[in-house]
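This report refers to the structure that appears directly beneath it.
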Amino acid sequence: MPELPEVETVRLGLAAAVVGRRVEGVEVTGVRSVRRQSKAAFKKALLGRTFAGALRRGKYLLVPLDDGAVLVAHLRMSGQLVHVVDPALPRVLHTHVVLGLDDASELRFVDPRTFGELFVAAELGPDGVPVVLAGLGTDPLVDGLPAARLGELLHGRRTTLKAFLLDQRFVAGIGNLYADEICHAAGLLPSRRTETLTAGDVERLAAAVAGVLAEAVRLRGSSLRDARYRDLAGALGGYQAHHAVYDRAGEPCPSCGVAVERIRVAGRSAHFCPACQS
DNA sequence: AGACAAGCCTGTACGC
DNA sequence: TGCGTACAGGCTTGTC
């Protein structure tokens, strides 16, 4: 499930492979992948446009177009963007949108669970981010997230650390996997109440957010057992081999060897080391 | 065979 | 009262 590091890896791929290309064809065969606007409006907004950049905000990909609008993509659970150099290659099952580009390559959107979506946003805020995404919080990579800022965001919150990290209104880009890894790196339980965090805890949390995400981006994201996440060229990520706790219940904590446990927090699976985290 | 996983939205209930 | 939080349900399909 693509989170910030996976989406950032796709963004880097888009910047290298499709920025500067012009859209010459738009096919929308999926029923749900384009749902914020009509398929006709989506096609009209893209046809003839040139990709002018590749940005990311949280888990949203933003591709500015040469007319000032922005192509927005969210992969949700199972979405994948694939750059296919040879359009004669067969389309895999669940290919819902295909953009034909002026170098004869194709950008394909594949999404078995159809939670993901594409749309073109014309109304932008002063930061160039579509106004419909104005509710997104701080992006730790784009904006940085020093401990002082994290402390401000935590101020007054009365919830679990897990729920806080997953709430895109405060920090944008963290999902279930990286929430668990960040908690472990910070030595804090995912079930820890935010109102009990000390200044030292917040310092370690800020360092963990930055450190875990940076390392995961460096290794081009995490591909899980289903190998659903792949980068734009179809390659697997490398961070899954470095997971300390996520999806490792019963296996030894890499720091201390104690068995990793799994519980439910904020309605989600949460993995943690009972010895290293408090 | 059916529970489960995921992200995000919506609706509703509850507590300070 | 009102706000923030909690929880459940919906959407979907591949996997165990």
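Because the structure is a prediction, the values reported are computed rather than measured. Lettering follows sequence order; numbering is per chain, from 1.
- For the pair A:His74 NE2 and B:dC9 C1', the interatomic distance rounds to 12 Å; values are reported in whole Å.
- We find that CG of A:Asn176 is positioned 15 Å from P of B:dC4, with the value rounded to whole Å.
- Going from atom CZ of A:Arg264 over to atom P of B:dA3 covers 14 Å, rounded to whole Å.
- On the nucleic acid side, DNA chain C contacts chain A at distances under 4.0 Å to non-hydrogen atoms, with the end points of that region at C:dG4 to C:dG14.
- In this structure, A:Arg193 reaches the sugar-phosphate backbone alone: every heavy-atom distance under 4.0 Å involves primed, P, OP1 or OP2 atoms, never a base.
- A:Arg91 has a carboxylate O that lies under 4.0 Å from a charged side-chain N of A:Glu106, or vice versa, which qualifies the two as a salt bridge.
- Looking only at side-chain heavy atoms (C-beta outward), A:Phe272 and A:Val260 stay at 4.5 Å or farther from each other.
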task = For nucleotides 10-16 of chain B, just jot down a letter per nucleotide in 5' to 3' order: B, S or -, based on protein non-hydrogen atoms under 4.0 Å.
result = -------
task = Take A:Leu71 and A:Leu99, measure what side-chain contact (heavy atoms from CB on, under 4.5 Å) needs, and give me the verdict at the end.
result = CA-CA 12 Å; A:Leu71 170 64; A:Leu99 305 183; 4.2 Å; yes
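- Using a 4.0 Å heavy-atom distance criterion, A:Arg169 is classed as making no nucleic acid contact.
- Under 3.5 Å, the side chains of A:Tyr178 and A:Ser222 contain a donor-acceptor pair of N or O atoms.
- Checked against side chain to side chain contact (heavy atoms under 4.5 Å, CB included), A:Glu195 has the following partners two or more places apart in sequence or in another chain: A:Arg158, A:Arg193.
- Each of A:Arg76 and A:Leu93 was matched to the nucleotide of DNA chain C holding its nearest heavy atom; the match closer to the 5' end belongs to A:Arg76.
- In this model, a donor atom of one side chain and an acceptor atom of the other lie less than 3.5 Å apart for A:Asp111 and A:Ser78.
- If you check every strand for non-hydrogen atoms under 4.0 Å, A:Ser78 touches nothing.
- Taking atom CD of A:Gln168 as the reference point, atom P of B:dC8 lies 5 Å away to the nearest angstrom.
- For A:Ser105 and A:His83, the side-chain atoms include at least one donor-acceptor pair closer than 3.5 Å.
- Residue contacts shown for A:Tyr246 are limited to sugar-phosphate atoms, with no base heavy atom under 4.0 Å away.
- A:Arg248 contributes atom CZ, which lies 12.0 Å from atom CG of A:Asp180 (distance to the nearest 0.5 angstrom).
- A:Gly267 comes within 4.0 angstrom of no nucleic acid atom, judged by non-hydrogen atoms across all strands.
- Seen from the ring of A:Phe119, A:Arg36 counts as a face-on cation partner, given the 6.0 Å and 45° thresholds.
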